[in-house]
Amino acid sequence: MKKIFSTLLIALIASLLLPIPAKASSVDYFTDFESQQPELFYEIYEGGVHYPNLACGTDACVFFETQGQRTFGRFVVNPSATPGFYQNAATSHIQLPSEPNQGPYSVTYGHPITMEAKIKWSANYDIDGLSDAQGTSGIVLWNGAVGTEGETAEYDHIGFMWASQDVLFGAISGFMANSFVDQFPVDMSRPTLPIDINEWVKVKLVWSEDINGVQSVTYSADGQLLGTHVLPTHLEGLGLEIWNDNQEPVFCEEGICNTFPNPNQPQSFFVDYVKITQP
């Protein structure tokens with residue numbers, strides 16, 4: 001009897017040390033990306049003006065296309081008749097401006113978050129960032145970049161993006177998985193095997209936290225492991241962000257300054273589906 005009691009006591013103590021299971025969640029936003037989801041916001045910027053909840057302007061537009069059996073979203077930035085302004089076509093969990101960490105996703109030990117998506121870029125993009133397309137685009141989990149007073153926040157993000165050769169003087173050009181903390185790249189991973197970003201690419205990230213509270217993100221594309229990034233700080237409250245813009249941050253005396261070149265032809269980022277799960 002004493003041995004049975006000791007065994008039960010040990011089992012009870014062990015169970016108390018295990019993480020409490022979170023309520024399982026699975027969000028398949030775009031099994032077929034054919035409409036704006038009610039929990040996501042449009043964000044259009046053009047002509048120096050922010051248009052929240054506007055799907056499509058003149059210089060930037062989010063709309064939906066169907067080819068055969070496939071329906072997908074297209075995020076396009078067009079040549080502007082009023083160049084020199086920030087142009088962005090985006091949809092996000094976080095409506096700007098916002099306080100940081102307002103997104104729905106946080107990880108705990110034993111409860112990682114997995115984001116899977118199918119994406120591609122139009123023909124004027126290339127994998128190295130040396131093509132005619134300008135600015136940045138991609139799909140990430142982030143915590144917002146514009147504060148409630150209109151100031152630029154030092155945002156965090158984890159995910160997949162493309163940047164032109166002039167962004168940070170080529171430091172993050174082309175297609176990659178990257179992790180940003182306080183607006184600076186913590187780490188980046190590029191494919192070592194060929195990937196055609198002008199055709200559909202399946203991307204996946206797993207954001208997790210170990211028993212010591214250290215967070216990391218593992219990235220892959222078309223089944224190819226790109227890398228694992230250990231985050232220097234604890235991230236929480238992130239939300240989905242899909243965007244295409246003409247912004248090219250560069251290093252300057254103030255730290256980072258932004259330029260807004262005018263695209264010489266329409267440039268598009270496409271999303272077929274996005275699935276986010278957490279056990």
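All values derive from a computational prediction rather than experimental measurement. Only this structure's heavy atoms are used, side chains among them; waters, hydrogens and symmetry mates stay out.
To the nearest 0.5 Å, the span separating CD1 on I44 from CG on D59 amounts to 10.0 Å. Rounding to the nearest 0.5 Å gives a distance of 6.0 Å between CE of M188 and CD1 of I172.
In summary, K120 and E199 do not engage in a salt bridge, as defined by a charged side-chain N under 4.0 Å from a carboxylate O.
Between F75 and I242, the closest side-chain pair of non-hydrogen atoms falls below 4.5 Å. Side-chain contact between T91 and F41 is absent, with no heavy-atom pair separated by less than 4.5 Å. P112 is not listed as a side-chain neighbour of E209, based on a closest heavy-atom distance of 4.5 Å or more. A heavy-atom distance below 4.5 Å is found between the side chains of P191 and I127. Contact check for F175 versus R190: no side-chain heavy atoms found under the 4.5 Å cut-off. Using a 4.5 Å heavy-atom cutoff, the side chains of W207 and Y105 are in contact. The side-chain heavy atoms of E241 and I94, taken from C-beta on, include no pair separated by under 4.5 Å. Contact annotation: the side chain of E46 never approaches that of V77 to less than 4.5 Å [non-hydrogen atoms, C-beta and beyond].
Between the side chain of E43 and the backbone N or O of L54, no donor-acceptor pair lies under 3.5 Å. At distances below 3.5 Å, at least one donor-acceptor pair connects side-chain atoms of S131 with backbone N or O atoms of N124. In this structure a side-chain-to-backbone donor-acceptor pair under 3.5 Å is present from N262 to S80. Put simply, the side chain of S216 never gets that close to the backbone of L231: no donor and acceptor are under 3.5 Å apart. Looking only at distances, no side-chain donor or acceptor of D128 sits under 3.5 Å from a matching main-chain atom of L130. A donor-acceptor pair under 3.5 Å is absent between the side-chain atoms of N246 and the main chain of Q134, judged by distance alone. In this structure, H111 contributes its side chain and P279 its backbone to a donor-acceptor pair below 3.5 Å. With H157 contributing its side chain and V140 its backbone, the two residues share no donor-acceptor pair below 3.5 Å. Between the side chain of D245 and the backbone N or O of Q247 there is at least one donor-acceptor pair closer than 3.5 Å. Judged by distance alone, the side chain of E116 and the main-chain N or O of K204 form no donor-acceptor pair under 3.5 Å.
Side-chain heavy atoms closer than 4.5 Å link hydrophobic residues (I, L, V, M, F, W, Y) into clusters, and following such links, even through other members, never connects V76 to Y125. Connection of V181 to V206 is not established within any shared hydrophobic cluster, with ILVMFWY side chains joined at heavy-atom distances below 4.5 Å, either directly or through further cluster members. V214 and I158 are members of different hydrophobic clusters when ILVMFWY side chains are connected at heavy-atom separations under 4.5 Å. Grouping the Ile, Leu, Val, Met, Phe, Trp and Tyr side chains by contacts below 4.5 angstrom, directly or via other members, places F63 apart from I119.
Taking the six-membered ring where the residue is Trp, F260 and Y86 present tilted rings, their angle falling between 30° and 60°. Classified by interplanar angle (parallel below 30°, tilted 30° to 60°, perpendicular above 60°), the ring pair F160/Y219 is perpendicular.
If you check the side chains of W243 and T136, you find a donor sitting under 3.5 Å from an acceptor. Looking only at atom types and distance, the side chain of H229 has a donor-acceptor partner in the side chain of S189 under 3.5 Å away. One side chain, W121 or S137, offers a donor N or O that lies under 3.5 Å from an acceptor on the other. Judged purely by distance below 3.5 Å, without hydrogens or angles, the side chains of S208 and Y109 never pair a donor atom with an acceptor atom. Using a 3.5 Å distance cut-off with no hydrogens or angles, the side chains of E248 and S164 do pair a donor with an acceptor. Judged by distance alone, the side chains of T228 and T218 do bring a donor and an acceptor atom under 3.5 Å apart. Under the 3.5 Å distance criterion, with hydrogens and angles disregarded, no donor-acceptor pair is assigned to the side chains of N88 and H50.
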Side chain to side chain contact (heavy atoms under 4.5 Å, CB included) between V186 and V230, intermediate numbers included: CA-CA 9 Å; V186 170; V230 176; over 6 Å; no
Could you walk me through whether D156 and N143 pass the side chain to side chain donor-acceptor pair (under 3.5 Å) test, one step at a time? CA-CA 6 Å; D156 310 312; N143 64 358; 2.9 Å; yes
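Of all the heavy atoms in M115 and I276, the pair that sits closest is CG-CG1, 3.9 Å. Here the shortest heavy-atom pairing between G135 and W162 reads O-CZ3, 3.5 Å. Of all non-hydrogen atoms in N198 and A123, the two that sit nearest each other are ND2-CA, 3.8 Å.
If you run ring-ring contact (aromatic ring centres under 6.0 Å, His included) between F72 and each of F269, Y273, W200, only W200 comes through.
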